[in-house]
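Here, residue 1 is the first one in the sequence, and each next residue gets the next number.
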Amino acid sequence: MYTTYFGFDNKPFKPKDLKDYYRNDNFDSTCADILNSIREQRGFVLLTGEAGLGKTLVLRRCMAEADDISFILLTNATLDFPDILNYLCTSLQLPIDDLNVEQQSKRVLDTVAAHARRNQPVALLIDDAHHLRIGVLDHLRDFVETTAEPGQRLQVVLAGLPEIEGKLRQPELRRLNEQTQVRCSLERLIGVETELFIKNKFETAGKMGEALFSPTVIERIDHYSQGVPRAIAMLCDAMFLFASLESGREITPGLVDEAAGNCFLGGRSQPPTGTVAPILRDAAAKTLPAPADDGAFGLRLDLDLPLDFDLDLDLDFEPDRTLAVERPAIVAKEGL
């Protein structure tokens, strides 16, 4: 709805396309650490981050940037181990008719080892891994360790909310916790990075160098979003929508307050009138509002809007998303 109204080539706050990916040192180093760990055959990798920071997008970026790795992306972390094994077989295009779990395991391990010998490691990326049950995690570790040669093992990346670290500290997972040497963590955007994130979205949508938001508006967005990319995107999306519905083109601080109050961040107190806090501040001072039951930061959709409004809330880094495995979500790279 608002895309044409504000002169964008496409929707600015729709982070599903990797060409729109915002890059900073944290995102870049996280992606590099994951890929290096897979190439070095270091086993399990742990990627953690609060809801909305972009864990899923980091996984997809890794898949897009590494032609030498065969990736299998699992988005349903509620499966039992036999279902995960079946998923691996399907993704690797292995015939599994009339095979029991032991036979399926051997075929997967033999195939993974063959790929490793060709310097093409196979990596299983598990999104929303905090949903994995303790027994499944322990079984997965045993399965990976079955291969005698460490350099020929399946590489596993566990991406989930910080709570997964507590799960790994359970006595039953002591060995997995000890063997997970590579741990990456996504951080919130700090101060001026909120503005850089928004600028990146404008540029990818065709607004090169145009400052559509005043410094006060940027500060308000930073205040309400607290550096969470998903929150920034949702708030800005709602602001443009409200402005277009009111036939206005100016994004004011009051409009930010209205969008935050009616959309999803109403629990945050409004900044003091007439004062703008410094945009650079200590990241430790940021605290995230308590999640609602759906894990979406107190998401409220009590918008008094037409049913056909153009507000896309289906963002790629939804933390609690689980998908039924009907067809494998796999990127097959040379040899799969």
Side-chain angles (χ1 to χ4, degrees), residues 26-49 55-56 58-75 77 79 81 84-94 101-102 104-130 132 136-160 164-165 167-168 173-186 328-336:
N26 180 225
F27 293 147
D28 289 346
S29 62
T30 297
C31 187
D33 288 345
I34 292 173
L35 293 179
N36 288 338
S37 176
I38 294 172
R39 290 177 177 126
E40 294 169 5
Q41 301 281 326
R42 300 183 66 181
F44 282 85
V45 178
L46 182 63
L47 169 63
T48 59
K55 298 180 293 297
T56 300
V58 166
L59 295 181
R60 294 188 182 279
R61 177 184 165 187
C62 289
M63 295 170 67
E65 294 187 357
D67 293 331
D68 58 323
I69 300 172
S70 297
F71 292 99
I72 300 173
L73 176 63
L74 176 63
T75 58
L79 298 176
F81 179 76
I84 294 178
L85 184 60
N86 187 279
Y87 185 85
L88 287 170
C89 289
T90 303
S91 300
L92 292 168
Q93 301 178 8
L94 301 177
V101 171
E102 183 177 349
Q104 289 183 22
S105 297
K106 186 177 187 307
R107 286 203 174 181
V108 170
L109 294 175
D110 288 346
T111 301
V112 170
H115 278 78
R117 288 192 292 270
R118 298 197 299 268
N119 294 319
Q120 188 183 39
V122 178
L124 173 63
L125 312 180
I126 304 181
D127 204 3
D128 295 333
H130 51 277
L132 288 170
V136 174
L137 282 166
D138 190 44
H139 204 156
L140 183 60
R141 190 211 71 87
D142 289 341
F143 172 73
V144 170
E145 293 296 313
T146 300
T147 304
E149 295 292 333
Q152 297 180 5
R153 291 173 179 168
L154 176 70
Q155 305 301 296
V156 180
V157 179
L158 304 172
I164 192 176
E165 296 192 80
K167 183 174 289 187
L168 292 179
L173 297 178
R174 177 183 57 83
R175 291 181 301 171
L176 175 58
N177 192 40
E178 291 175 349
Q179 292 172 8
T180 306
Q181 300 298 318
V182 180
R183 299 172 186 248
C184 310
S185 178
L186 293 184
I330 176 175
V331 171
K333 308 259 189 174
E334 300 178 5
L336 286 187

* **Minimum side-chain heavy-atom gap Leu74-Leu79 below 4.5 Å** => yes
* Set of residues satisfying side-chain hydrogen bond (donor to acceptor under 3.5 Å, both in side chains) with respect to Gln181, sequence neighbours excluded -> none
* Asked: Does any non-hydrogen side-chain atom of Gln104 lie less than 4.5 Å from one of Arg107?
  -> no
* Provide the closest heavy-atom pair for Ile69 versus Ala123 in the form atom of the first, atom of the second, distance. => CG2-CB, 4.0 Å
* **Candidate list Leu125, Thr48, Leu46, test side chain to side chain contact (heavy atoms under 4.5 Å, CB included), partner Leu158, passing option** => Leu46
* Less than 4.5 Å apart, any side-chain heavy atom of Val156 and any of Leu140? -> yes
* To do: Name all residues meeting the side-chain hydrogen bond (donor to acceptor under 3.5 Å, both in side chains) criterion together with Glu149; count only those two or more places apart in sequence or in a different chain, and write none if there are none.
  => none
* Phe71 and Ile38: CA distance, side-chain angles, deciding distance, side chain to side chain contact (heavy atoms under 4.5 Å, CB included) verdict -> CA-CA 10 Å; Phe71 292 99; Ile38 294 172; 4.0 Å; yes
* Do the non-hydrogen side-chain atoms of Asn177 and Arg141 ever get within less than 4.5 Å of each other? -> no
Show me the donor-acceptor pairs within less than 3.5 Å that the side chains of residues 30-37 make with the rest of the protein, sequence neighbours left out.
{"from": "Thr30", "atom 1": "OG1", "to": "Asn26", "atom 2": "O", "distance (Å)": "2.8"}
{"from": "Asn36", "atom 1": "ND2", "to": "Ala32", "atom 2": "O", "distance (Å)": "3.2"}

* Taking atom CG of Leu73 and atom OG1 of Thr75, what is their separation to the nearest 0.5 Å? -> 6.0 Å
* Using side-chain hydrogen bond (donor to acceptor under 3.5 Å, both in side chains) as the criterion, list what pairs up with Gln41, not counting sequence neighbours. => Gln155
* Asked: Under the ring pair (Phe, Tyr, Trp, His ring centres under 6.0 Å) test, which residues partner Phe81, sequence neighbours left out?
  -> His139, Phe143
* Might you point out which heavy atoms bring Gln152 and Thr147 nearest each other, and give the distance in Å? => O-CG2, 3.9 Å
* Do Leu154 and Leu88 have side chains that get closer than 4.5 Å, going by heavy atoms? -> yes
* Structure fact -> To the nearest 0.5 Å, atom OH of Tyr87 lies from atom CG of Leu124 at 8.0 Å
* About how many Å separate CD of Gln120 and CG of Asp67, when rounded to the nearest 0.5 Å? -> 9.5 Å
* **More than 12 heavy atoms from other groups under 6.0 Å of CD on Glu178** => yes
* To do: Grab the two heavy atoms, one from Gly160 and one from Lys55, that are nearest each other, plus how far apart they are.
  => O-CD, 3.4 Å
* Not counting sequence neighbours, which residues clear salt bridge (charged side-chain N to carboxylate O under 4.0 Å, His left out) with Glu145? List them please. => Arg153
* Side-chain touch Leu186/Leu47, heavy atoms, less than 4.5 angstrom -> yes
* Point-to-point distance, once rounded to the nearest 0.5 Å, from CD1 of Ile84 to OG of Ser91 -> 11.5 Å
* To do: Hey, could you give me the CD1/OG1 distance between Ile164 and Thr180, rounded to the nearest 0.5 Å?
  => 9.0 Å
* With the threshold set at 4.0 Å, does a side-chain nitrogen-carboxylate oxygen contact exist between Asp138 and Arg175? -> yes
* Asked: Heavy-atom distance under 4.5 Å between the side chains of Leu168 and Leu176, does that happen here?
  -> yes
* **Under 3.5 Å: donor-acceptor pair, side chain of Lys167, backbone of Leu132** => yes
